[in-house]
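Following: one structure in structure tokens, then a few remarks.
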Amino acid sequence: MGKEKVLLLDGNSLAYRAFFALPLLTNESGIHTNAVYGFTTMLQKILEEEKPTKILVAFDAGKTTFRHESYGEYKGGRQKTPPELSEQFPYLRKLIDAYQIKRYEKELYEADDIIGTLAKQAETEDMDVIIVSGDKDLTQLATDQVTVYITRKGMTDIEKYTPSHIEEKYGLSPQQIIDMKGLMGDTSDNIPGVPGVGEKTAIKLLKEYGSVEALYEQIDNMKKSKMKDKLIENEEQAKMSKKLATIFTEAPIDLKLEDIEYPGPNEEEVLNVWQELSFKSLIDKSDYKVEEKETAEISFEIVKDVPDDMLKDVMAVHVEMENEHYHTCLILGFSFTDGERTFYITFEDMQQSEAIKNWLEDESKKKYMSDSKAAQAILKRAGIELRGVEFDLLLASYIVNPAISGDDVATLAKEFGYTDIQANETIYGKGSKWSVPNESTLAEHVSRKAFAIWSLQPIIEEKLKENEQFDLYYDLELPLASILGAMESEGIKVDISTLEKMGGELEKKISALETEIHELAGEKFNINSPKQLGVILFEKLGLPVVKKTKTGYSTAADVLEKLQSEHKIVQYILDYRQLAKLQSTYIEGLIKEVHPEDSKVHTRFQQALTSTGRLSSTDPNLQNIPIRLEEGRKIRQAFVPSQEGWVLFAADYSQIELRVLAHMSNDEALVEAFNVGMDIHTRTAMDVFHVEADEVTSNMRRAAKAVNFGIVYGISDYGLSQSLNITRKEAAQFIDKYLHSFPGVKEYMETIVQEAKLKGFVTTILNRRRYLPDITSRNFNLRSFAERTAMNTPIQGSAADIIKKAMIDMDARLKEEGLQTKLLLQVHDELIFEAPKEEIERLEKIVPEVMENAIQLSVPLKVDFDYGQTWYDAK
DNA sequence: TAAATCGGT
DNA sequence: CGAGAACCGATTTAG
């Protein structure tokens, strides 16, 4: 057993410090958490580094302390604690209790005094002491055995005050810190000190005289000066100030060192508090174990086959898979429940069951599921066509609140207070330790999922109806899931030999550039490492530093472009970057994703991920295939139709977001512009620059285009100045002129922010919601971000609504017309089909018609289209 | 695992 | 005053 180590924490001071040092975080129910968060990260760090054996958190008790007896104005004029902080104290106490750390407060005494008293006691018992506070006053307690930690910004950044550190920093002993404060005072505690004496003067005086008392004993010898007069004049005040600043080390506390023994945290309790406060990063990082959770008993049967009468008209079904890659992974098992009986069956047994297969394919048998798209796709690989999905927990949760993250049933269920499922991690383990458990464990786990879906269905549907979002969910997202599933399963064919050929050529160019760059740099280095590259550019070659990142020099493209004239290596690096990106992401990356059986890529569209309602695409991401630069655009030549005699047909909305803005803002000029079919950027340029159509130069149009983009994103002068490379002032003038020309837009932007503040969320055309808790934040950054989001989300989200509706209408129309054409991809404002050549003529009519009429706006929607032998040719 | 970078709309 | 365009995913380095 080593030496005892005592940790004494100044609770109030640390909470204050954290509150002001960190942005105003909130948890899901809107409670502010930043002070508790800062306290926690600091505590975790110290626990880990110091491993204390005894801990106490001291708090200030009430408003009055013994110091008020001698000086009524003590701590007077203090701002009262902000409510956003006050509300955090109960949670802070709860957290401390969960750590099994003792907390203490005593009438009439401040936390300082409690800490000072215990520190002294511990020292006499020859223990090491660490004091942590945000308040430098405590440094007066430093001795050889007592170290005072003062948190700096960020809370985990700590300055350690030992007597020698204090000596180094101020040239004073710890005891003289009190004298210093006596002389200089402390505005935050309303301690007066001597007027005109600040830190510098106080230190100078103390170096000469040693203490306040010694100073006044010898003051007659001091040579005449203004300062001397001040000192004499304020002698009483200085002495009183010193007294006030002195921490009392003999407070009558009924607490002994034995009482603050630290047994270690109750890990489960700590995790619970973290959960409640949404400290996700801490939960992820920590290795705290949750005690085997008491989950309610569930009865389930493991069956080999299912008699028909067990398969009801409405059931919750869950398909358990190995992982999220449902286009390649295996099914682990199935569970079914009708709320009365729950059963589990393995994939192998299920394949032998005609009854189950028929039931799954029967449209009239209603299924409650979660992520039905994944189930549909994986079942299709097993030769089963899933039909009749009536409820999808994943999609319903996403509509209730798109901020809900996680896609497994346990996580989603928890969002609605349902906790009777264990985390996948506890069942399977994670990383290399992942493994399938024994059958009964697995069966129970999977059964619980089906049961959770069954239990939550009525609650969530009720919530959707209450929010008037049931139609959005049931008529849009749910049918869309099935369409997306079909698109993914169909896949798009990739000609690997084209990619390989391009890769070979790229390889040559890249290695030539590499040689050239190393030559110009005078040494070999990894061009892909921004860190190494930064050293070469800004240290070795001495190029001017335009922008810095958190960790060093920025070497981003916009920075390099500004440096092009400085050194010819810069252009080579830009070229290298561009080609290396193509090679690694779009040649090698894409080839890895091609399924050898069918030479196709089968992306997964994430339907419940983005906060605006857009889709995203993964493995591979087919929504960011290059197009802007010709070299990259050629990648599209590798995407080809799956059959001879077919083509790829692409149709995209023209200016959909600005049209949505015109509709929502009802701005007269904007609506008019779209109604007469003008080029919107030219129109904007005319209004902003006050010129006629034929006087709009290409530069004016370019500027107008950037302004239009800015408007959609929730404009700021800074953002526009960056995108146009102009000054902020000029950008601000552009914006001003724009809003003057389009007053309806101005009004819309103001109204939507107001509405967000009032309701706490914004909505799209089809009533999709996004909650914006930060819209009322006092933190400028957070609030500004929320305001821009309030402006952008209804626009981006409504555009997403429109194309989703178009996909559903398009799917229906293709079926109606008996066409073979297949929808393959969606790229935010664009749909890509493959079609037999014979159907092109009809598609040229149908596709624009369906897309343009998906939702009626007060301005027309316009669709452009093209087709060709490859995606490249369908421009 | 986080940060930097860059591809798309 | 502040510090900032909206929404994504993949690859690479570096700790």
Side-chain angles (χ1 to χ4, degrees), chain A residues 23 281 284-285 402 431 525-534 547-560 573-574 576-590 592-593 603-606 609-629 631-633 635-636 652-658 661 706-724 728 731 735 770 777-797 799-800 803 825-830:
Chain A
S281 60
D284 292 345
K285 255 191 284 179
F525 68 101
N526 188 342
I527 308 169
N528 285 319
S529 161
K531 196 178 167 191
Q532 294 181 33
L533 180 61
K547 197 167 77 179
K548 291 193 128 193
T549 66
K550 227 183 283 178
T551 54
Y553 313 109
S554 168
T555 67
D558 61 327
V559 171
L560 296 186
I573 291 166
L574 284 167
Y576 175 90
R577 282 252 180 94
Q578 191 203 330
L579 300 186
K581 176 88 177 179
L582 290 178
Q583 183 77 302
S584 67
T585 306
Y586 297 103
I587 301 288
E588 292 165 357
L590 202 50
K592 277 187 214 143
E593 294 292 339
T603 189
R604 295 191 325 276
F605 288 106
Q606 307 297 326
L609 186 148
T610 72
S611 32
T612 54
R614 275 189 176 181
L615 302 176
S616 85
S617 156
T618 55
D619 302 311
N621 179 355
L622 295 179
Q623 292 181 320
N624 73 341
I625 302 300
I627 190 165
R628 297 183 53 227
L629 301 171
E631 297 95 314
R633 189 174 200 157
I635 298 283
R636 295 179 173 229
D652 69 292
Y653 283 108
S654 157
Q655 305 297 350
I656 188 167
E657 292 188 335
L658 285 173
L661 174 62
V707 173
N708 279 329
F709 263 90
I711 291 294
V712 169
Y713 290 158
I715 195 121
S716 75
D717 49 10
Y718 180 84
L720 184 63
S721 75
Q722 288 295 298
S723 101
L724 280 174
R728 225 172 78 170
I735 294 167
R770 179 174 186 179
S777 169
R778 278 146 304 279
N779 177 307
F780 178 86
N781 268 333
L782 289 181
R783 189 178 62 248
S784 300
F785 188 68
E787 286 170 356
R788 291 199 296 276
T789 309
M791 299 186 248
N792 170 264
T793 295
I795 300 173
Q796 193 183 112
I803 194 163
L825 302 175
Q826 187 250 46
V827 190
H828 308 307
D829 66 352
E830 184 183 13

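Every chain is numbered from 1 and lettered A, B, ... according to where its sequence line falls, protein lines coming before strand lines.
As judged by a 4.0 angstrom heavy-atom cut-off over every strand, A:Ser723 is placed among the base-contacting residues. At a threshold of 4.0 angstrom between heavy atoms, the contacts of A:Gln722 with the nucleic acid are absent. Here A:Gln532 lies in heavy-atom contact (under 4.0 Å) with sugar-phosphate atoms only. Here A:Arg728 lies in heavy-atom contact (under 4.0 Å) with a base. Nucleic acid contact for A:Ile625: sugar-phosphate only, since backbone atoms but no base atoms lie under 4.0 Å from a heavy atom of the residue. Residue contacts shown for A:Asn624 include a base, since a base heavy atom lies under 4.0 Å away. Residue A:Thr793 is out of contact with every strand shown, counting any heavy-atom pair closer than 4.0 Å. Backbone-only engagement by A:Ala557 is indicated by non-hydrogen atom pairs under 4.0 Å involving sugar-phosphate atoms exclusively. Here A:Leu615 lies out of heavy-atom contact (under 4.0 Å) with every strand. As judged by a 4.0 angstrom heavy-atom cut-off over every strand, A:Asp717 is placed among the base-contacting residues. At a threshold of 4.0 angstrom between heavy atoms, the contacts of A:Ile795 with the nucleic acid are absent. At the heavy-atom level, A:Ala790 lies nowhere under 4.0 Å from the strands shown. At a threshold of 4.0 angstrom between heavy atoms, the contacts of A:Val712 with the nucleic acid are absent. When heavy atoms are screened at a 4.0 angstrom cut-off, A:Gly710 is found touching base atoms of the nucleic acid.
For CZ of A:Phe709, the number of neighbouring non-hydrogen atoms (other residues, nucleotides, ligands) closer than 6.0 Å is 12 at most.
Here A:Arg778 pairs with A:Glu84 under the salt bridge (Lys or Arg N to Asp or Glu O under 4.0 Å) rule; sequence neighbours left out. By the salt bridge (Lys or Arg N to Asp or Glu O under 4.0 Å) test, A:Asp829 pairs with no residue at all, sequence neighbours left out. Listed by chain and residue number, A:Glu657 satisfy the salt bridge (Lys or Arg N to Asp or Glu O under 4.0 Å) test with A:Arg614 (two or more places apart in sequence, or in another chain). Scanning for salt bridge (Lys or Arg N to Asp or Glu O under 4.0 Å) contacts around A:Lys548 gives an empty result, with sequence neighbours left out.
Toward the 5′ end of DNA chain C lies the nearest nucleotide of A:Ser716, the other residue of the pair A:Ser716 and A:His828 mapping further downstream. Both A:Arg614 and A:Thr618 lie near DNA chain C, and the one whose nearest nucleotide falls closer to the 5' end is A:Arg614.
Closest of all the heavy-atom pairs between A:Thr793 and A:Ser611 is CG2-O, 4.4 Å. Pairing each heavy atom of A:Tyr586 with each of A:Asn624, the nearest pair is OH-O, 2.6 Å.
A gap of 16 Å separates the P atoms of C:dA5 and B:dA3, to the nearest Å. Between C:dG4 and B:dT5, the two P atoms lie 15 Å apart (nearest whole Å).
Contacts between chain A and DNA chain B, taken as any atom within less than 4.0 angstrom of a protein heavy atom, begin and end at B:dA3 to B:dT9. From the 5' end on, the contacts that DNA chain C makes with chain A at under 4.0 Å to a non-hydrogen atom open and close at C:dG2 to C:dG15.
When atom types are taken as modelled, the side chain of A:Arg636 and the backbone of A:Ile625 share a donor-acceptor pair closer than 3.5 angstrom. Without hydrogens or angle criteria, A:Ser721 side chain to A:Leu724 main chain gives no donor-acceptor distance under 3.5 Å.
The one candidate from A:Lys547, A:Gln532, A:Arg577, A:Lys531 that meets the side-chain hydrogen bond (donor to acceptor under 3.5 Å, both in side chains) condition with A:Thr555 is A:Arg577.
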